[in-house]
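Inspection log for the structure reproduced underneath, given as structure tokens.
Count residues from 1 along the sequence.
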Amino acid sequence: MGENGQIPGIAHVTELSGTGSRTSPRDTQTMHGGNTAGGKWHGAIGATARWGLAVLACLWLAWCTAIGPLYWQFDLNPKAATLGAFSWINGLIGVLTFAAYLIIIIELVRYARGLRLVPRRVGWWFQRASIRLHHGKRGSRPVAVSVTEDADHDGAASAHATDGEDDGGDTVRGDDESTDSAADHHCQTQAKSRKAGKGRFRRFARKAVALCRRWLMRGTDRWQRIALVLLIGWLWVPTTLVTAFGADLRSQFREFSWALNQWTGLREPYIGFFSFVPMDIYPTAHYLWPANPTYLTDQHNIVLTMVYGSVAALSRFFTGSNDWGIAALSFAQFLFAVFCVAVTADRFLNRPWLAHVRNGANGKDDRNKHDGADATSVKGTDGDKLVGALPIIGPLVRLAIMAFFLFCPLAVFSTISLTKSPLFAFAFIWWFGVVYELLMTRGMRIERPHHDGKSGESGKSDRKRLTGAPLLGQIRGHSLAALAVSTVVMLISAKYAWYILVVEIVLLLVSDRKRWKTYAVGILLPLVVVHGGLSLLIANGTIIGGDPIESHGVQLQQIARVARLEPKTIPQSARDELAPIFNLDQMAEAYKQQDADPVKSSGIQSKKVSYRWRTVTAADMANLNKAWLQIVKANPRVSLDALMAKSYGYFDIADGPYIDMTYYASNEYVRTTTAWIGSWCAPWRGAITQFAKQWSHIPVLGWIIHGNTYVIATLLIGAAEVIQRRWRTLVTHIPLLLLMGVMITSPANNFERHMLPLAFLLGFVAITFWQDSLADRRAGMRPGNNRRNPREANAPRTRMKA
């Protein structure tokens, strides 16, 4: 580490060229005490709006936490689990929670602006209060005691002791002098030996700490080394637990098997009314089935169904069971998880594009070289002043990141979990890391020395000039490929990836239009190919499209809760319009406030048929929204209860998960429907999942492994970013906010697999916030400083000198 905490050897690199907000000179003057009246009003209105959004976020989190205890009692007393029972206790919980979250945001903002986390006046008040408590007096003030005075006092006392005077002033004579001298010598010897022992221990401790720091830095300075650490640390998961899956995987196996039978000559017509086929499990309404029989659906993405089903079919052919195929699929996802986490951590911890810049200049990899500047420099197209390189990420941060992935059950069990959400989560963090690289390299330009061919006596070029290479902002070749591949994996693993990517591509093209080709190739092209191909397959009847009922989870829960608790309030017209779609009596009986799947009849054949998927038509479905609106108007309180009961847990830090990730590692499907996997290390499987559950139930300490903790923390950091006007950083973080919307509209409440992307990325989001804060301080964004922000002002490019 060099002076000011910068990385030696790359101080010439202009970094974070576009991570903050775009600030014009007028805006900067307004922020830091400009005198124009219009600027003051504009600044005040903008600040009020930004703080208003932060307050709304805190209110939402406080509201979800306050109403949580109401809905916890639904199974015992359903009628008491309502907002009508809101009491002063719930209000007090909400007020305290709101204050805590608002204080966190204020502290984040103060840190970002380089201010004291505790204001001087507040600190003085606490100091004064502690002194009063200690002395038991009002008005007592701190007494300044000089260290030198204490030292002089001790010296005088020791001088008196050497003169042979005791505490009472009597003089010691004769044999007592020799006795005291021997005792003093013995005490001094013991003191010296103790001091020497402490010194040796301190030296040993310093060396041990230095060694750990060195190994932490070296062990995480490349993605290959990070991958090796993860591979070794996670290896026990696939070797002892083998796999983790649920009902969805079995449905995909069954779906592919029926299709395979059809392809091999067993052409069967669609089964009759009382029979059961894979499409009835989800279920998919019969009016969506094409005229030509097909057993493939888009309920779970068709690509995953084909991959999982074909591997299982090969396993049955060679081994007689699905188990080896399942084990192979889980191990493949395990390796994919290692790779995604390693390359993403490398981008955030090491910023490898800087090594790419240096390699372009001297042709070798000297990422760890700390010998000052070389001949490469990088110019920021958006900067008019020089910005120093950011400090290197220290060992403690690296340790925290690696410890989370190695030990948190959210990450550990996800590595082998064959459900769509973990696969999406690992692909998403890979994609997020590439977008982060695009953010950090925005506007950078490489300059290399160019020899003019004239040589002096030494045989070396006498003249040099710097020539600009292509913009680094166009992204490294393999990073562009990573962006495209991660986009494809996201699209084939989760349907909601389509909506997130559409919104994000629009924002990226608007905020960084100079690199539109990069976004077109890396995001837009995969979107068109994957989604367009899927739509074509559905249109020509090759596969069956997903049932629209899947997107009505909130509405179904509201209808079912009203039918369960207050059925008499349902208007007759709404009953008539819902009759061809739902059996309201069965719907009320199947209602679970945390899960919409029973209401839409998802599951095995013995389920309650509340959704009439066999007989419903497209014309009947057209009346669903109209009937739902009538029910909500007739009973808004119960309808609001249904909405909150299905979504509050994602934002209530005190609420435990409805379904945690240990479920997929140890459930009846893994234990009883496999040939040998269920009995492989069965005691260990039960012990490790039970340990994770017990940890999850510990108050406060259990929050560390709850997904909603990471959702809340991400939302608070996002609120601080809004206040700081880091618009370009927020563009890359918008997908995290959209994922929160997916949670609210998902079928289940506090379902941990929906929160995995935010949990995996919180550490990296925090690193980005820290880096942006340092960049803002160096760019003169502290209050009272009228200097422009060099990262954002549109000005001629300036080359950075070492």
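A 4.5 Å side-chain heavy-atom check between Met490 and Trp430 finds every atom pair outside the cut-off. Counting heavy atoms from C-beta outward, Ile704 and Cys408 have side chains that stay 4.5 Å or more apart. Between Asn749 and Gln593 there is no side-chain heavy-atom pair separated by less than 4.5 Å. Between Val632 and Gln555, every side-chain heavy-atom pair lies at or beyond the 4.5 Å cut-off. Proximity of Phe98 to Val55: side-chain heavy atoms (C-beta onward) are separated by under 4.5 Å at one or more points. The side-chain heavy atoms of Met740 and Tyr650, taken from C-beta on, include no pair separated by under 4.5 Å. Taking the side chain as every heavy atom from C-beta outward, Glu752 and Ile659 never approach each other to under 4.5 Å. Met755 places a side-chain heavy atom less than 4.5 Å from the side chain of Asn750.
With sequence neighbours excluded, no residue forms a side-chain hydrogen bond (donor to acceptor under 3.5 Å, both in side chains) with Tyr710. The salt bridge (charged side-chain N to carboxylate O under 4.0 Å, His left out) test applied to Asp597 returns Lys600, not counting sequence neighbours. Considering only residues two or more places apart in sequence or on other chains, Arg254 meets the salt bridge (charged side-chain N to carboxylate O under 4.0 Å, His left out) condition with none of them. Applying the ring pair (Phe, Tyr, Trp, His ring centres under 6.0 Å) criterion to His552, with sequence neighbours excluded, gives no partner residue. Residues meeting the ring pair (Phe, Tyr, Trp, His ring centres under 6.0 Å) test with Trp770, sequence neighbours left out: none. For Phe424, the ring pair (Phe, Tyr, Trp, His ring centres under 6.0 Å) partners are Phe428, Tyr496, not counting sequence neighbours.
No donor-acceptor pair closer than 3.5 Å links the side chain of Thr297 to the backbone N or O of Met279. The main-chain N or O of Ile705 is never found under 3.5 Å from a side-chain atom of Thr709 such that the two would form a donor-acceptor pair. The main-chain N or O of Ser746 is never found under 3.5 Å from a side-chain atom of His754 such that the two would form a donor-acceptor pair. With hydrogens and angles disregarded, a donor-acceptor distance shorter than 3.5 Å links the side chain of Ser493 to the backbone of Val489. In terms of modelled atom types and a separation under 3.5 Å, the side chain of Asn90 and the main chain of Ile67 share no donor-acceptor contact. At least one donor-acceptor pair closer than 3.5 Å links the side chain of Gln558 to the backbone N or O of Ser639. Gln333 places a side-chain N or O within 3.5 Å of a backbone atom of Ser417 that can act as its donor or acceptor partner. Not a single donor-acceptor pair under 3.5 Å links the side chain of Thr714 to the backbone N or O of Leu762. Under the 3.5 Å distance criterion, the side-chain polar atoms of Thr689 are matched with a main-chain donor or acceptor of Gly686. Under a 3.5 Å cut-off, the side chain of Ser696 and the backbone N or O of Ala692 do not form any donor-acceptor pair.
Ring geometry, His733 versus Phe432: the interplanar angle falls under 30°, so the pair is classed parallel (tilted spans 30 to 60°).
Summarising the geometry, atom CD belonging to Gln252 is positioned 11.0 Å from atom CD1 belonging to Ile281; distances are rounded to the nearest 0.5 Å. The CG atom of Leu335 sits 7.0 Å away from atom CG of Leu231, with the distance rounded to the nearest 0.5 Å. Trp431 contributes atom CH2, which lies 14.0 Å from atom SG of Cys340 (distance to the nearest 0.5 angstrom). Note that the SG atom of Cys58 and the CD1 atom of Ile105 stand 3.5 Å from one another [nearest 0.5 Å]. A distance of 11.0 Å separates CG in Leu349 from CG in Leu216, rounded to the nearest 0.5 Å.
For Arg225 and Thr220, the side-chain atoms include no donor-acceptor pair closer than 3.5 Å. Between the side chains of Thr82 and Asp641, a donor-acceptor pair is found at a separation under 3.5 Å. For Thr729 and Glu721, the side-chain atoms include no donor-acceptor pair closer than 3.5 Å. Donor-acceptor pairing under 3.5 Å is recorded for the side chains of Trp72 and Asp655. Side-chain atoms of Tyr591 and Arg561 form a donor-acceptor pair, as typed in the model, at a separation below 3.5 Å. Checked by atom type, the side-chain pair Trp613/Asp280 shows a donor-acceptor distance below 3.5 Å. Side-chain atoms of Thr65 and Tyr648 form no donor-acceptor pair, as typed in the model, at a separation below 3.5 Å. Residues Asp595 and Tyr658 bring a donor and an acceptor atom of their side chains to less than 3.5 Å of each other.
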Item to complete: For Arg671 and Ile677, run side-chain contact (heavy atoms from CB on, under 4.5 Å): C-alpha distance rounded to whole Å, both residues' side-chain angles, the deciding distance at 0.1 Å, then the answer.
Response: CA-CA 7 Å; Arg671 292 192 300 266; Ile677 291 178; over 6 Å; no
Worksheet item: Can Phe336 and Phe339 be said to form a ring-ring contact (aromatic ring centres under 6.0 Å, His included), step by step?
Response: CA-CA 5 Å; Phe336 181 71; Phe339 172 78; 7.1 Å; no
Item to complete: Go through the steps to decide whether Asn667 and Val670 satisfy the test side-chain contact (heavy atoms from CB on, under 4.5 Å), and finish with yes or no.
Response: CA-CA 6 Å; Asn667 56 48; Val670 176; 3.5 Å; yes
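The residues Lys420 and Asp248 are annotated as not salt-bridged, no charged nitrogen and carboxylate oxygen being separated by less than 4.0 angstrom.
For Phe760 and Phe426, the ring centers are positioned less than 6.0 Å apart. Aromatic ring centres of Phe245 and Tyr664 lie farther apart than the 6.0 Å criterion allows. No close placement of the Phe253 and Tyr308 rings is indicated, their centers lying 6.0 Å or farther apart. Aromatic ring centres of Tyr436 and Phe348: separated by under 6.0 Å. Remark: aromatic rings of Phe651 and Trp63 are distant, center separation not under 6.0 Å.
Other residues, nucleotides and ligands contribute over 12 non-hydrogen atoms within 6.0 Å of the CH2 atom of Trp234. Applying the 6.0 Å contact sphere to CZ of Phe691 captures no more than 12 heavy atoms from other residues, nucleotides or ligands. At most 12 heavy atoms of other shown residues, nucleotides or ligands fall within 6.0 angstrom of atom CH2 in Trp680.
Under the side chain to side chain contact (heavy atoms under 4.5 Å, CB included) rule, Tyr71 has a single partner from Met644, Lys646, Gln594, which is Met644. Considering Asn301, Leu534, Val530 as possible partners of Leu491, the one that fulfils the side chain to side chain contact (heavy atoms under 4.5 Å, CB included) test is Val530. The side chain to side chain contact (heavy atoms under 4.5 Å, CB included) test with Arg685 is passed by exactly one of Thr662, Leu241, Thr240: Leu241.
The two residues Arg347 and Ala482 make their nearest non-hydrogen contact at NH2-CB, 4.4 Å. The minimum heavy-atom distance between Ile401 and Gly763, with the atom names listed, is CD1-CA, 3.7 Å.
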